[in-house]
**Q** 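Okay, here's the structure, questions in a sec.
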Amino acid sequence: MKKIVYTMPLVAMLISCDSRTYGEISDNIPVITKDVSYNVEIKPIVESRCMGCHSVGGPGSVLLLTNYEQTKNNIDNIIDRIQRPAGASGRMPPAAPLSQSQINFFTQWKAGGLVEN
């Protein structure tokens, strides 16, 4: 007696069982495939979105982010704050969140060793 093995339905079932949403698997959020540096990617974001408050005399001056060293030394706190969900206490920036691409720059910068140039 021959034994018949059916593999196609199992393969089809495994391929179709993806619980991620379209937004999670679509390419709406670009993946950063290059090295990220402070001067090229991070500094412009910090200058335009953070330094209004996080500079001397600003309402967030308790945490200065006016240069490379300050930003590098606070990267864990920055990533925590910018990744908090809408409405969460301490989310930064408070008025309008960073885009997912901008958040990705910060996480990739940390993963890449916090390069300055």
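Atoms considered below: every heavy atom in the structure, side chains included; atoms not considered: hydrogens, waters and symmetry mates.
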**Q** Taking Leu63's backbone N and O only, do any of them form a donor-acceptor pair with His54's side chain (distance below 3.5 Å, no angle check)?
**A** yes
**Q** So, does Arg81 use its side chain to make a donor-acceptor pair with the main chain of Gly90 at under 3.5 Å?
**A**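 Flag set: sc Arg81 to bb Gly90 pair under 3.5 Å.
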**Q** Measure from the side-chain N and O atoms of Arg84 to the backbone N and O of Ser89, and report whether any donor-acceptor pair falls under 3.5 Å.
**A** yes
**Q** CG/Asn67 to NZ/Lys72 distance, rounded to the nearest 0.5 angstrom?
**A** 10.5 Å
**Q** Would you say Ser37 and Glu116 make side-chain contact, with heavy atoms under 4.5 Å?
**A**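 They are not in contact (no side-chain heavy atoms under 4.5 Å apart), so the answer is no.
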**Q** Examine Leu64 and Tyr38 and state if one hydrophobic cluster contains both, with Ile, Leu, Val, Met, Phe, Trp and Tyr joined whenever side-chain heavy atoms are less than 4.5 Å apart.
**A**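 Looking at the clustering, Tyr38 is in a separate group from Leu64.
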**Q** Can you find a heavy atom in the side chain of Val46 that is under 4.5 Å from one in the side chain of Phe106?
**A** yes
**Q** Rounded at 0.5 Å granularity, tell me how far CD1 in Ile82 sits from OG in Ser99.
**A** 9.5 Å
**Q** Has the side chain of Gln102 got a donor or acceptor atom that lies under 3.5 Å from a matching backbone atom of Leu98?
**A** no
**Q** Establish whether Val40 and Val115 are linked, either directly or via other cluster members, by ILVMFWY side-chain heavy-atom contacts under 4.5 Å.
**A**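 Val40 does not cluster with Val115.
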**Q** Enter the distance from Lys43:NZ to Glu47:CD here, rounded to the nearest 0.5 Å.
**A** 5.0 Å
**Q** Which heavy atom of Ala86 sits nearest a heavy atom of Arg91, and at what distance?
**A** CA-NH1, 2.6 Å
**Q** Treating Asn74 as the side-chain partner and Gln70 as the backbone partner, does any N or O pair qualify as donor plus acceptor under 3.5 Å?
**A**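 Yes, the answer is positive, given that a donor and an acceptor are paired below the 3.5 Å cut-off.
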**Q** Of the options Ile79, Asn73, Asn77, which is the one that meets Ile75 in a side chain to side chain contact (heavy atoms under 4.5 Å, CB included)?
**A** Ile79
**Q** Do the side chain of Gln108 and the main chain of Asn104 share a donor and acceptor less than 3.5 angstrom apart?
**A**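 Side chain of Gln108 to backbone of Asn104: no pair is present.
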**Q** Can you check whether Val56 reaches Thr66 side chain to side chain, under 4.5 Å on heavy atoms?
**A**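 They are not in side-chain contact.
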**Q** Looking only at non-hydrogen atoms, find the nearest pair between Ser61 and Gly57 and report the distance.
**A** CB-N, 3.9 Å
**Q** Check whether any side-chain heavy atom of Gln83 sits under 4.5 Å from a side-chain heavy atom of Ile103, and report yes or no.
**A** yes
**Q** Look only at the side chain of Trp109 and the backbone of Ile42, and say whether a donor-acceptor pair between them is shorter than 3.5 Å.
**A** no
**Q** What heavy-atom pair brings Pro59 and Gly52 nearest, and what distance separates the two atoms?
**A** CD-O, 4.2 Å
**Q** So if you build clusters from Ile, Leu, Val, Met, Phe, Trp, Tyr with side-chain heavy-atom gaps below 4.5 Å, do Ile78 and Met92 land together?
**A**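 No; tracing contacts between hydrophobic side chains, which count when under 4.5 Å, never links both residues.
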**Q** How long is the span from the CZ atom in Arg49 to the CG atom in Leu65, to the nearest 0.5 Å?
**A**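 The CZ atom of Arg49 sits 13.5 Å away from the CG atom of Leu65.
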